[in-house]
Q: 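Let me give you the structure first, and then I'll get to my questions.
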Amino acid sequence: MAEQAVETGGLAAAPPERRLSAMGTGVRARQGGAPAGRFVGRGRELKALRADIVRAGLDTLSGRKTPRSRVLLIAGRPGSGRTALAEELVTRLAGEYPDGVVRARLTGVDGEPVPTERTARALLTALGAPVPAGAGEDELTEALRGALDGRRVVLLYDDAAGAEQVDPLLPDESACLVVAVSRGPLTGVPDVRPCTLGGLDVAAAVDLLEGYAGPTRITCDPVAAACVVEECGGQPAALVLVGGWLAARPKMSVVDVAKRLRELAPAEGHEGVGGRPLGRAFRLAYESLPQTPARLLRLLALAPAGLVDAHTTSALAGCSVSAAQAALEEFTAQGFLRAEPAEVSAGAGTRSCEPPAPQYRVPGCLAPMLRAALYERERPAEVELARARMLERTVRQLHSCRAITETGDLATRKRIAELPRPLRFPTREAAEEWLLARLPSLLAAARLAVEDGRLDTLARRLVSALTRALTAHLGAERAAPELYGLHQLVLDVAQRCEMPLEKGAALLNLGDLDARAGRTTEALDRYREALRAARESGDPYATSRSLESIAAAHQELGDWQRAADWYRRGLELRLTRGELADEARLYGRLGAVYTYAGEWGDALRSWRAAAAACRRLRDQPGHARALSEAARVQEYAGRPQEALRTCLEAVECARQAGDIRLQAAVRLRLADTLERLGDRPAADLHRAEAERLLEAAPAGSGAAGPEAAGDPLPGAAGAPIAGGGGIAGLAGTTDAKAARNRSRNRSHDRAENRAQDRPEDGQGQQARRAAYEISSGSRKD
């Protein structure tokens, strides 16, 4: 969502996680930037648009129900006030659409169309709908249509490049309304009549000019004011620049500005972009600036997503933050920038004591002219240096944003104290608000840095810092859609720079996100490619991590034999390195897979090996859990007496470990075993003791149930790559517990069917029941 913006209107009360991708990106556009939301003119156009909403469409005339929402189109050149008219329209319509207003920009500040999947993802987030990480365009647009079913929402699609952008985003809900803004007609979208904008009428244009220049000079010379309006073609953006120029020069008359505009007019047949009214107004205002402000204004063309604040401006120009803030306010007064509304910049609502720092936007109609001036006046080396300063400042802000979440660490507090005061955040809430408000520009900065290719080191640091900050403040689950895109950027850099370790880390993290979204086959392909990269880099940790991830993917797919084979490969690598804790964990993984497969002998050997490794590690809780699992396998194998002895040993280990909830879980397992042996009174005694332990256990001391004894050695097959420096240290996104639960649920039917194929003797019935219970997670462990 780098070059696009999404803003919610009626959804403003939604929690921040529901509007993650929408924070701080919307803009309450005004007619040419008129002060304080002042809207002038366009009464006829507003009336026509309102009438078009209730106009009978072609489907209605043919007797069919309208299959899609009504689409209104406002067409005009950039600078004609088309976005401001759309904003005024949806503001007046908001009361008729109780489910809110959602806005999205479909063209970036660089003039390139925003990918449809990125827009759909941001719209889903703004609507509070789930956004699957890494989903494709078709899946996302289908999810968007589903999220809009039964709602009355206004969708404002600003600066659409063509019908191919708008059509996939149209809801099937006829109660919704789409307002599209484009340069021309959207051929291909049926039943759309464009409202084409020209210049403002003279009275409205003079009113707008007066709002910036002040009433005295305009009232004293209405003829000259009308001449200025004629020279500007009635275009609001041009009139704003001229009004700002007059406001900065109180001694100049309206006649003077009309004369200057005529002097800037090119000869007939040589108009070009700079000869159009907006181009002439821009030249008048820009060329009148002193050298230093003019250079600073040019450099704002480098701002990601066209969003700037005092820190970005300070880094680009190499000036102080206070001087940058003063310059931004002056540029806003002169019409070069638009101030972002404070309620949007604040994100989900100001929870911190201090007000959010203001943000400003470079108008889309001025961005091409600023870029042209930048590359015409600045040397390439200066442009690259300014961009590097901006990225470096952003990295430092992100480090500070993440560090505020770790203030419990003394070293971290010391590092925060050493930061310059403008880079510090007073509270964690303030840092999170800053992150959400700046997220569109931060993501845009990451994409632009990677695409540039000349600042790969900074790009890697920026992506890493942004990933860590998002994970620290939002958690891996909420930030997953953004993290997926960031890991893809990491992969691009790693492939371009031929960095196999970083490539493997990115592939592993992408695979984890694919696995979480249920795309296990795609995740398996990424894990295999990550294994090749890890072997190429010679990193043993990345290699073992890849092996375990491949095994976990096969386990998720129910391919127990391949899962066991890959776990064994990972185990062999750990054995050669003497990593005892990982050995214990992998023995546990093997035991679980063999249990799912019904291979009781191999399962029992694996659990016993896990118990032995835990014993050598002096890990009493792990030892007790492994013994508990071994007892369960012995029950499946029809050896209840051995299961009873193993359960008693597990109870003793749990008691020595001092883990009350673990003791309760193991006693429940023992009670089940005693009940199967026919000793119901003893079973009741152990259940009663387990209940007493659970009542005595302090809150939050652990979890009884399947997770306490069902997976005794939770592994890190889905853990992120750590260490290695650079982007190899990106925070991972795997939820191992969720993956294990999905695996159990999906294996339920297969396990039960295998048990049904066995003879229905006592041992077969016991195996069937046990397989059902472990696969469904229904046991009272």
Side-chain angles (χ1 to χ4, degrees), residues 24 27 30 32-36 109 211-214 237 240-252 281-282 284-346 350 354-363 366-367 369-370 373-374 377-378 382-383 385-387 389-394 396-397 400 419-426 430 433-434 437-438 441 445:
V27 53
R30 302 179 179 93
V109 71
Y212 275 84
V240 166
L241 289 172
V242 172
W245 186 89
L246 280 170
R249 293 160 183 83
K251 294 185 178 181
M252 301 296 291
F282 175 78
L284 169 71
Y286 169 74
E287 293 175 1
S288 301
L289 292 173
Q291 182 177 357
T292 299
R295 179 176 181 272
L296 193 153
L297 181 63
R298 292 194 299 269
L299 290 171
L300 295 185
L302 298 175
L307 288 167
V308 295
D309 59 11
H311 278 284
T312 303
T313 307
S314 167
L316 285 171
C319 63
S320 67
V321 175
S322 59
Q325 180 61 43
L328 290 174
E329 293 171 0
E330 183 63 26
F331 290 149
T332 304
Q334 295 182 37
F336 289 112
L337 300 176
R338 306 287 185 264
E340 287 286 272
E343 67 272 17
V344 175
S345 297
T350 304
E354 298 185 5
Q359 278 196 110
Y360 305 85
R361 181 177 295 278
V362 178
L366 301 185
M369 289 178 277
L370 284 178
L374 174 69
R377 305 287 182 90
E378 299 290 334
E382 290 293 329
V383 173
L385 178 60
R387 184 182 284 115
R389 286 196 305 263
M390 176 186 67
L391 294 179
E392 181 65 37
R393 176 71 63 86
T394 305
R396 296 183 71 190
Q397 286 181 289
S400 176
L419 288 171
R421 184 174 296 276
L423 293 180
R424 300 181 207 165
F425 293 98
E433 287 177 3
W434 174 87
R438 267 56 174 184
S441 56

Q: Between Leu297 and Leu370, is any pair of side-chain heavy atoms under 4.5 Å apart?
A: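 Yes - at least one pair of side-chain heavy atoms lies under 4.5 Å apart.
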Q: How far apart are the closest heavy atoms of Thr332 and Ala339, and which atoms are they?
A: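 Looking at all heavy atoms of both residues, the shortest contact is CG2-N, 4.2 Å.
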Q: Backbone N or O of Leu423 within a donor-acceptor pair of the Ser400 side chain at under 3.5 Å?
A: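 A pair under 3.5 Å: yes.
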Q: Answer yes or no: is there a side-chain heavy-atom contact under 4.5 Å between Leu316 and Arg389?
A: no
Q: So, for Ala310 and Leu328, which heavy atoms are closest and what is the spacing to 0.1 Å?
A: N-CD1, 3.7 Å
Q: Rounded to the nearest 0.5 Å, what's the gap from CG on Leu246 to CG on Leu241? Could you check?
A: 11.5 Å
Q: Show the nearest heavy-atom pair for residues Ala303 and Met390, with the distance to one decimal.
A: CA-SD, 4.5 Å
Q: Once the angle between the rings of Phe331 and Phe336 is folded into 0 to 90°, is it parallel (under 30°), tilted (30 to 60°) or perpendicular (over 60°)?
A: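 Plane angle over 60°, so perpendicular.
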Q: Closest heavy-atom contact between Gly335 and Val240?
A: CA-CG1, 3.6 Å
Q: Does Arg396 CZ have over 12 foreign heavy atoms under 6.0 Å away?
A: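 Counting other residues, nucleotides and ligands, CZ of Arg396 stays at 12 neighbours or fewer.
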Q: Roughly how far apart are Thr313 OG1 and Leu302 CG, rounded to 0.5 Å?
A: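 Nearest 0.5 Å value for the OG1-CG distance: 11.0 Å.
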Q: Between Arg295 and Glu382, is there a salt bridge with N-O shorter than 4.0 Å?
A: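 Looking at Arg295 together with Glu382, the answer is yes, because their closest N to O distance falls below 4.0 Å.
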Q: Which value, rounded to the nearest 0.5 Å, describes the distance between Gln359 atom CD and Leu337 atom CG?
A: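 Output value for this atom pair is 12.0 Å.
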Q: How far apart are the closest heavy atoms of Ser441 and Pro304, and which atoms are they?
A: O-CB, 3.4 Å
Q: Would you confirm whether Ser314, through its side chain, and Cys319, through its main-chain N or O, come within 3.5 Å as a donor-acceptor pair?
A: yes
Q: So Met369 and Tyr286, do their side chains get closer than 4.5 Å, heavy atoms only?
A: no
Q: First locate atom CD of Glu378, then atom CG of Leu385, and finally report the distance between them rounded to the nearest 0.5 Å.
A: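 Rounded to the nearest 0.5 Å, the CD-CG separation comes to 10.5 Å.
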Q: Show your reasoning for whether side chain to side chain donor-acceptor pair (under 3.5 Å) applies to Gln325 and Tyr360.
A: CA-CA 10 Å; Gln325 180 61 43; Tyr360 305 85; 2.9 Å; yes
Q: Using salt bridge (charged side-chain N to carboxylate O under 4.0 Å, His left out) as the criterion, point out the one residue from Arg438, Arg361, Arg393 that pairs with Asp309.
A: Arg438
Q: Would you name the heavy atoms of Val109 and Ala367 that are closest together and state the gap between them?
A: CG2-CB, 3.7 Å
